[in-house]
Amino acid sequence: MDCETEDSFERLLDALRIPAAGDTLSERDALPLRMPVEGVHYSDNRRVIAGRIETGRVSVGDHVLFSPSNQTARVAGIEVRDVPAPLTEATAGRPIGLTLDTQLVIERGETVSHLDEPPIETDVFRARLYWLRRGPLEPGRRFTLRLGTAAADVEVQSIDRVIDPGAPDGQVTGDGIAEVILRSRTMLALDEFEANPRTGRCVLADGSEVVGVGLIGMEGYPDQRALITGCSSNVSVIDHGVSRAARTRRNRHAVGVIWLTGLSGAGKSTLAIEAEDHLFRKGYQVYALDGDNVRRGLNATLGFSPEDRAENIRRVGEVAALFADAGFIVLTAFISPYRSDRARARAAAERVSPNGFHEVYVRAPLEVCEARDPQGLYRRARAGEIADFTGISAPYEPPDRPELTVDTGDRPVERSLQALTDHIERHFALTDREPGG
C-alpha cells in the first residue's frame, strides 16, 4: 500500500471514529513481526527479500515464516540501503532487506512473521467496510483486495449488517458503513484489526479506483492454517492389492461421497439414514456417517470453536474418501458450515473418483429448523448456553453450486428422500453384471 493510500486510510479511520492504535513505533515494536514482501532483488548471487517492517522486530538467526506459502527459513543477514555494515536487528518502521540461510522462491505479497506468531490464513473474513463509491454495494460483486503488498480477487459474499441508519432500504451507498463477508479465490495472510491495528486493515479497489476500506475481523470463521499445512514427513502412498476397478466390478456400482449439508434441524441425518436403508436393500454397498456419531469417537476430543469445527470436517472428509476407496457410497450428514471445508472434502473424495463427490444442500428456513429443534440446541443457543452455534451466533455458508438441493421446510420427508435416492441411483447406478463379469 503506498503512502498516499495509507494517509487516506488514516483519515477514513478518523471518520469511522476508530482509533488507529498501535501506530507509535514503540507500540508497533511490541506487536508480532509482520513484514509484507515488496520484492526480491539479486545482489552478488544472493536473493535479498525487501520490505518494510510494519510491526515487531527481526534479528539475525530468527526462524521466520512466509505466509501464505508456508515456507520457512532462518535469517542470515539484515541489510539497509546506504548503511554499509549489516544489522543484527531491525525494528518497526524500517525498510530492510533479508537474506536467508535457504534459497526460497518468495514473491511480492508474502508476509514475513516469526514461526510461533504467524498471521491468520484464510480465504474468507469479515470486514467493517467504509464504502466510498456513490452507487450501492451489492453481494456478488468482485473487487481487488489490497492487503499490505498483496492483491487478490475477492467477492462480496454477503452484507450482514448496514451500520448507517440513514441508508435507504438498508442499502450501502456512498460514505455508508456495513459489515460484510469477503471471500477470496486464494489463501490470504491477514490479522484481525483488534489484534494488530497496523495490518488488520484492507482496501477494496475496482481497477485503479479505491471503492472501500475496511477493518478485518474473523468472528465465527476459523484460521485455516493448520488445515492446509501438513506436518507428516517420510510418508509414502501404499498401493492396495485390490484395485478400485476390481471393487467397482464386485460391487456393480460406482463409488463416491454424498455430502449432505444444512442447518441443524434441516433433516440431514434423517435423510442419510433413510437413504442408507433404501440403497442397502437395493444391493448397494453404502454407509452413513453422522455428525453426532463421529463426535462420540473419532472426534471426541474436538470442541465447537471455528477451528475445531473445521478440523472435524477435515477428518470426516478424509474418512469418507477412505470409505469410497474401499468401494462404498458414503452418505455424510454434517452441518459443515464453511464452504472452504466442504471444498477440501470434495478434493479428498475426487482423489478417489473424479466425479465422486456430490454436495446435497438440505435446505430449510432457520425459523423452521428452530421450531423443530429436536435436541433443544436452538433454545440453549438463544439462552447463551451454547457459543458459536450455527445460524444463531456462528455463520452458515450455503453451497453456491450444489449437485442437488432438497427443500425440507414445507414438504414431506418421503418426497425429499425420493429426490435424494433418485439422484444417487441416477449417478451411481447398479449394473446387472455378475461379479467378475
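Values in this document were obtained by computation on a predicted structure and should not be read as measured data.
Note: Y221 and Y338 have tilted aromatic rings, judged against thresholds of 30 and 60 degrees for the angle between ring planes.
To the nearest 0.5 Å, atoms CE (M187) and OG (S340) are separated by 7.0 Å. Taking CZ of R342 as the reference point, atom OG1 of T332 lies at 10.5 Å (rounded to 0.5 Å). Taking CG from L377 and CD1 from I386, the interatomic distance works out to 5.0 Å, rounded to the nearest 0.5 Å. Interatomic distance, I181 CD1 to R126 CZ, rounded to the nearest 0.5 Å: 4.0 Å. For the atom pair OG1 of T122 and CG of L190, the computed distance is 6.5 Å after rounding to the nearest 0.5 Å. Taking NZ of K268 as the reference point, atom CG of L331 lies at 13.5 Å (rounded to 0.5 Å).
In this structure, F389 has its ring center closer than 6.0 angstrom to the ring center of Y378.
Side-chain contact, E54 with N196: no donor N or O sits under 3.5 Å from an acceptor N or O. Counting only N and O atoms by type, the side chains of H423 and H358 include a donor and acceptor under 3.5 Å apart. Checked by atom type, the side-chain pair T261/Y396 shows a donor-acceptor distance below 3.5 Å. One side chain, D191 or T199, offers a donor N or O that lies under 3.5 Å from an acceptor on the other.
When each of C369, S264, P337 is paired with T390, the side chain to side chain contact (heavy atoms under 4.5 Å, CB included) condition holds for P337 and for no other. When the options V213, L145, V154, L188 are evaluated for a side chain to side chain contact (heavy atoms under 4.5 Å, CB included) with C202, the one that passes is L145.
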Show, in sequence, the C-alpha distance, side-chain angles and deciding distance for N293 and R296, and conclude whether the side-chain hydrogen bond (donor to acceptor under 3.5 Å, both in side chains) test is met. CA-CA 5 Å; N293 292 343; R296 287 194 179 96; 2.9 Å; yes
Run the salt bridge (Lys or Arg N to Asp or Glu O under 4.0 Å) check on E359 and R339 step by step: do they pass? CA-CA 11 Å; E359 188 174 30; R339 290 180 185 173; over 6 Å; no
What verdict does the ring-ring contact (aromatic ring centres under 6.0 Å, His included) test give for Y287 and F328, after you've listed the backbone C-alpha separation in whole Å, the side-chain angles of each residue and the deciding distance to 0.1 Å? CA-CA 7 Å; Y287 191 80; F328 283 76; 7.0 Å; no
Please evaluate residues T408 and V413 with respect to the criterion side chain to side chain contact (heavy atoms under 4.5 Å, CB included), reporting the C-alpha separation (whole Å), side-chain torsions for both, the decisive distance (0.1 Å), and the verdict. CA-CA 7 Å; T408 63; V413 172; over 6 Å; no
Going through the distances and angles, do Q285 and R247 end up as a side chain to side chain contact (heavy atoms under 4.5 Å, CB included)? CA-CA 10 Å; Q285 296 295 317; R247 295 181 196 275; over 6 Å; no
Walk me through it: do N70 and I228 pass the test side chain to side chain contact (heavy atoms under 4.5 Å, CB included)? CA-CA 9 Å; N70 285 310; I228 62 174; 4.3 Å; yes
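Taking 4.0 Å as the cut-off between side-chain N and carboxylate O, R141 and D206 count as a salt-bridged pair. Contact check on R46 versus E79 returns a salt bridge, with a Lys/Arg side-chain nitrogen under 4.0 Å from an Asp/Glu carboxylate oxygen. A salt bridge is defined here as a Lys NZ or Arg NE, NH1 or NH2 lying under 4.0 Å from an Asp or Glu carboxylate O, and R351 with E318 meets this definition. Of the charged side-chain nitrogens involved, at least one lies within less than 4.0 Å of a carboxylate oxygen, so that D153 and R185 count as a salt-bridged pair.
Contact annotation: the side chain of R344 approaches that of Q224 to within less than 4.5 Å [non-hydrogen atoms, C-beta and beyond]. Between R315 and V294, the closest side-chain pair of non-hydrogen atoms is not below 4.5 Å. Counting heavy atoms from C-beta on, the side chains of L420 and H278 never come closer than 4.5 Å. Using a 4.5 Å cut-off on side-chain heavy atoms (C-beta onward), D341 and S336 make no contact. Residues V156 and E138 form no side-chain contact, since every pair of their non-hydrogen atoms from C-beta on lies 4.5 Å or further apart. Between R34 and S113, some side-chain heavy-atom pair lies under the 4.5 Å cut-off. Side chains of E307 and R225 form no contact here, defined as non-hydrogen atoms less than 4.5 Å apart. Proximity of Q71 to I106: side-chain heavy atoms (C-beta onward) are separated by under 4.5 Å at one or more points.
At least one donor-acceptor pair closer than 3.5 Å links the side chain of D62 to the backbone N or O of S59. Panel note: side chain T149, backbone R108; no donor-acceptor pair is recorded below 3.5 Å. Under the 3.5 Å distance criterion, the side-chain polar atoms of E192 are left unmatched by any main-chain donor or acceptor of I216.
Screening residues 390-399 for salt bridge (charged side-chain N to carboxylate O under 4.0 Å, His left out) gives R183-E397 as the qualifying pairs, with residues at least two apart or on separate chains.
Of all the heavy atoms in F428 and Y284, the pair that sits closest is O-CE2, 2.9 Å. A pairwise comparison of heavy atoms in G327 and N251 identifies O-ND2, 2.8 Å as the closest pair. Between L147 and A189, the closest heavy-atom pair is CD2-O, 3.4 Å. In plain terms, the two heavy atoms of L404 and A419 that are nearest each other are CD2-O, 3.9 Å. When all heavy atoms of P119 and D223 are compared, the pair lying nearest together is O-OD2, 4.3 Å. Minimum heavy-atom separation, P306 to D388: CD-OD2, 3.9 Å.
Take D292 and apply the side chain to side chain donor-acceptor pair (under 3.5 Å) test, not counting sequence neighbours, and it matches Q375.
Around the CD atom of E194, the shell of radius 6.0 Å holds no more than 12 heavy atoms that belong to other residues, nucleotides or ligands.
Within the cation-pi definition used here (under 6.0 Å to the ring centroid, within 45° of the axis), R295 qualifies as a partner of F304.
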